[in-house]
Amino acid sequence: MNNSILTVETITKLFYPAVSFGDIIKHKQKSAVTALKDVSFSLEPGKITGLLGANGAGKTTLLKTISTLILPDVGRIKIKNYSAGTHDREIKSLLGLASNEERSFYWRLTGKQNLEFFSTLYGLDKQRTKKRIDELFSMFKINYQDKRFDTYSAGMKRKFALIRALLHNPEILLLDEPMKSLDYQSVQSLKQHIKELSNTGKTILLATHNIPEAETLCDIFIILDNGQIQECGTLSQLREKTNLQDASLSDIYQKVTKNV
Amino acid sequence: MFRKIFALLKKDLLIETSYKLSFILNIFGVFVFLLVYFFIDKMFNSEITEHLKEFGVNYFSYVLLSMAFFSYIGVGIGSFTERIRDEQTMGTLESLLLTPTRIGIILASMALWNLIFATFNACIYICLGAFLFHIDFTNANLLSAGVILLLTIICFSSLGILSASFIIVFKRGNPVAWIINNLEGLLGGVFFPITVMPPFLQMLAKLLPITYAIRAMELAVYQNYSLAQLSNEWGALLIFSIILIPLSFGSFQYALKKARKQGSLIQY
């Protein structure tokens, strides 16, 4: 625990369903939905941690809460010596979030224009921006004509989301369903990139519902179900905890979440 | 800080210029709009009526200037809400807020963009007025006009930010925009001097900053009024600004915090 780069302590988050009255959207206070309940864990530097859960388990909410886009109702998040809520700007400099939202780039701009824009907002000057984009393009083997973002394939958009998250060279990378809707080859290439990033010392928290993919990629696993952590640890620790010797991660996941 | 503001402005410019037809239609729209008022004025033989005596110009000249000036007001208010809503619908609001950029910088860039856009719009009105309709702007008191313009921009940008706060929380329902769209045109003296209206409506009009802004600008441009002569008007705009600046920034911060609590930053 002392070695951890990111600590999440007893995070609880309730959401209130939205109801619309004509043009106005109100959130019903009485029918709260628990998105996260008492979530605590820490990340070890340089490791890939898989955040596993079904759709609606609370993975995206947790990633957005860590990256300060959502405020928790209870609990606190610490990254290095910085606390979310009081040192948000420092935390944003240490984090890179690659969301699975396609709608997070300016589609009327080209890919490069998007990256240059976000790079400036991350505080990089013109020279460093150019150097960094060249580095990342070469790392992701992107050799293409600069075209408007809306013309890119799903795989290319996903790569750009990852590149944007890496522009400011953050120590922690949060990946939300990075393999979603990608073909087999793109998945293999992306997995390779994620491993390379981990080898360069990046701490990665990868949210996914694709358990077999996570098993081949991650060092540590956090199983989230209905907003609560059911189990966490390495594969051998999980096998021990669940008394499932030689079991695959999928078997363990099924037992833990009772999703048989 | 300036590099970030410049990057935000450049992004807006690139997006705006990617819609080429909209740019041409905007100029053509202003021309058609002016023609309507030109012919209305012609129907009444371009007379300077009782209500326009104070400004010393015919109806067409009055409307042209108020519309040119209204660009700053309309754009100041409309653009903030439009831009925030665009960022919500494009899903880029979260991406912007993920970067370590102060909210003040994002708002300042929006205000600057609005200013550039409104100036461009106002220039179309003034150029068409001067060169096509031969309206005389040479009598203008530029210092008074400049001060009134500055106070108007501050005042209405604050209202714009206040309006954007509603968009962040309520997504579509926006009482500030409703008041501006429905009441300011009627009560603010954009299309006619407020003296045309009955006394109780004139009293209501005096509660709106636009009334002071339009009147002061007409008098500064057409009657060469000095700042001393316009002290009531710029004094009122100053008071509105002093109240609205902290109110708008406070409400925007509150709205963002509320949206982060609801997890609804990119909902629309």
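Letters A, B, ... mirror the listed sequences (proteins, then strands); counts begin at 1. Values in this document were obtained by computation on a predicted structure and should not be read as measured data.
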### Task
Please state whether the side chain, the backbone, both or neither of Leu124(A) comes within less than 4.5 Å of a heavy atom of chain B.
backbone
### Task
Report, as yes or no, whether the 6.0 Å neighbourhood of atom CG on Asn226(A) holds more than 12 heavy atoms from other residues, nucleotides or ligands.
no
### Task
Pick whichever of Tyr122(A), Phe118(A), Tyr106(A), Trp107(A) has the most heavy-atom pairs under 4.5 Å with chain B.
Tyr106(A)
### Message
Given 3.5 Å as the limit, does a donor-acceptor pair link the side chain of Lys4(B) with the main chain of Leu121(A), or not?
### Response
yes
### Summary
Value for CG (Leu97(A)) from OG1 (Thr99(B)), rounded to nearest 0.5 Å, stands at 12.0 Å
### side chain to side chain contact (heavy atoms under 4.5 Å, CB included) evaluation trace for Gln113(A) with Lys10(B)
CA-CA 10 Å; Gln113(A) 283 171 340; Lys10(B) 188 180 164 191; over 6 Å; no
### Query
Between OG1 of Thr92(B) and CZ of Phe117(A), what distance do you get to the nearest 0.5 Å?
8.0 Å
### Query
Is it true that atom CG of Asp134(A) has more than 12 heavy atoms of other residues, nucleotides or ligands lying nearer than 6.0 Å?
yes
### Message
Could you measure the distance from the CD1 atom of Ile91(A) to the CG atom of Leu98(B)? Nearest 0.5 Å is fine.
### Response
12.5 Å
### Message
For the interface with chain B, which of Asp73(A), Leu167(A), Thr120(A) has the highest count of heavy-atom pairs at distances below 4.5 Å?
### Response
Thr120(A)
### Interchain contact, Asp88(A) with chain B, by part (heavy-atom threshold 4.5 Å)
side chain
## Note on the structure
Note: Ser104(A) and Ser95(B) closest approach over all heavy atoms is O-OG, 2.8 Å
## Note on the structure
Interatomic distance, CZ@Arg3(B) vs CG@Asp125(A), rounded to 0.5 Å, equals 5.5 Å
### Query
chain B heavy atoms under 4.5 Å from Arg164(A): which part of the residue, side chain, backbone, both or neither?
side chain
### Message
Keeping Arg108(A) on the side-chain end and Ile15(B) on the backbone end, is there a donor-acceptor pair under 3.5 Å?
### Response
no
### Summary
Closest non-hydrogen atoms of Leu97(B) and Lys92(A), given as atom of the first, atom of the second and distance, are O-NZ, 2.8 Å
### Query
Sub-3.5 Å donor-acceptor pair from the side chain of Arg102(B) to the main-chain atoms of Arg89(A), do we have one?
no
### Task
For atom CZ of Phe191(B), decide whether the heavy atoms of other residues, nucleotides or ligands shown that lie under 6.0 angstrom number more than 12.
yes
#### Entry: Contacting region of Ile106(B) [heavy-atom separation from chain A under 4.5 Å]
neither
### Query
What part of Leu96(B) lies closer than 4.5 angstrom to a heavy atom of chain A: side chain, backbone, both or neither?
both
